[in-house]
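Scroll down for the structure; my scribbles are underneath it.
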Amino acid sequence: MTNILVDADGCPVVDLTIKIAKQFSIPVYLFCDTAHNMQREGAETIMVSKGADAVDFVLVNRVNKGDIVVTQDYGLAAMVLAKQGLVIDQNGRAYTNDNIDQLLYSRHMSQKVRQAGGRMKGPKKRQKEDNEKFEKGFREILANCQKRKDSFPSE
């Protein structure tokens with residue numbers, strides 16, 4: 001059975017994820033640290049002690065093949081892909097084995113620039129269109145999961 005796991009600390013699409021998942025009858029688990037206590041109807045919250053990447057490691061240890069993870073963290077996305085999970089960010093971009101290496105490299109290079117005293121542009125302010133792109137991409141992933149399940153009912 002497919003589950004949806006959300007890296008919920010600072011995630012702007014938590015409520016939208018829960019709403020859409022409910023339409024597909026797929027359980028949602030929200031992972032957050034104690035500084036971001038988050039309770040939502042229609043989802044189970046997994047609280048994790050504060051610490052660097054603590055939420056990421058707990059979440060990735062719960063991922064099973066075919067689970068869907070919502071995160072904007074490239075490192076977490078890479079670990080989920082290694083476990084044969086599906087990953088989407090808050091703007092509807094799917095992380096795949098075809099794009100994750102380039103994304104990780106880009107993150108690494110940006111980090112080097114910052115360590116050398118350089119500055120990088122921050123993310124743009126979230127727009128309504130970003131939610132629409134997320135919803136479209138998320139529904140597409142869920143529909144594909146549903147098709148696979150219907151094609152292979154014994155799984």
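Both backbone and side-chain heavy atoms feed into the values below; hydrogens, waters and symmetry mates do not.
Heavy-atom minimum distance, Gly137 versus Ile88: C-CD1, 3.5 Å. Nearest heavy atoms, Ala8 versus Leu30: CB-CB, 4.1 Å. A pairwise comparison of heavy atoms in Leu76 and Asp73 identifies N-OD1, 2.8 Å as the closest pair. Heavy-atom minimum distance, Tyr95 versus Ala77: CD1-CB, 3.6 Å. Across every non-hydrogen atom of Cys145 and Ile68, the tightest pair is SG-CD1, 3.9 Å. Contact detail for Thr2 and Gly66: the closest heavy-atom pair is CG2-O, 3.4 Å.
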Donor-acceptor pairs are to be reported for all side-chain atoms of residues 38-60 against protein atoms at under 3.5 Å, with residues two or more places apart or in another chain.
| from | atom 1 | to | atom 2 | distance (Å) |
| --- | --- | --- | --- | --- |
| Gln39 | NE2 | Asn37 | OD1 | 3.1 |
| Arg40 | NE | Asp15 | OD1 | 2.7 |
| Thr45 | OG1 | Met38 | O | 2.6 |

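Separating the CZ atom in Phe138 from the OG1 atom in Thr17 is a distance of 5.0 Å, to the nearest 0.5 Å. The distance from atom CZ of Phe31 to atom SG of Cys11, rounded to the nearest 0.5 Å, is 13.0 Å. Rounding to the nearest 0.5 Å places CG of Leu142 at 10.5 Å from CD of Glu140. Distance check, rounded to the nearest 0.5 Å: CG of Leu86 to CG of Leu5 gives 11.5 Å.
A heavy-atom distance below 4.5 Å is found between the side chains of Met1 and Pro27. Considering only heavy atoms from C-beta on, Glu132 stays 4.5 Å or farther from Lys136 through its side chain. You'll find the side chain of Val63 reaches within 4.5 Å of the side chain of Val69, heavy atoms only.
For Asn131 (side chain) and Val13 (main-chain N/O), no donor-acceptor pair under 3.5 Å exists by modelled atom type. At distances below 3.5 Å, at least one donor-acceptor pair connects side-chain atoms of Asp67 with backbone N or O atoms of Asn64. Counting only distance, with no hydrogens or angles, the side chain of Asn144 and the backbone of Ile141 share no donor-acceptor pair below 3.5 Å.
Inspection of the Gln90 and Arg126 side chains reveals no N or O donor paired with an N or O acceptor under 3.5 Å.
Figure legend: cation-pi geometry between Arg62 and Tyr29, with NZ or CZ positioned under 6.0 Å from the six-membered ring centre and within 45° of its axis.
With salt bridges taken as basic N to acidic carboxylate O contacts below 4.0 Å, one links Glu135 and Arg139.
The salt bridge (charged side-chain N to carboxylate O under 4.0 Å, His left out) analysis of residues 82-96, with sequence neighbours excluded, yields the pairs Asp89-Arg93.
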Handout entry: side chain to side chain contact (heavy atoms under 4.5 Å, CB included) between Val70 and Asp7, worked out
Key = CA-CA 6 Å; Val70 179; Asp7 182 6; over 6 Å; no
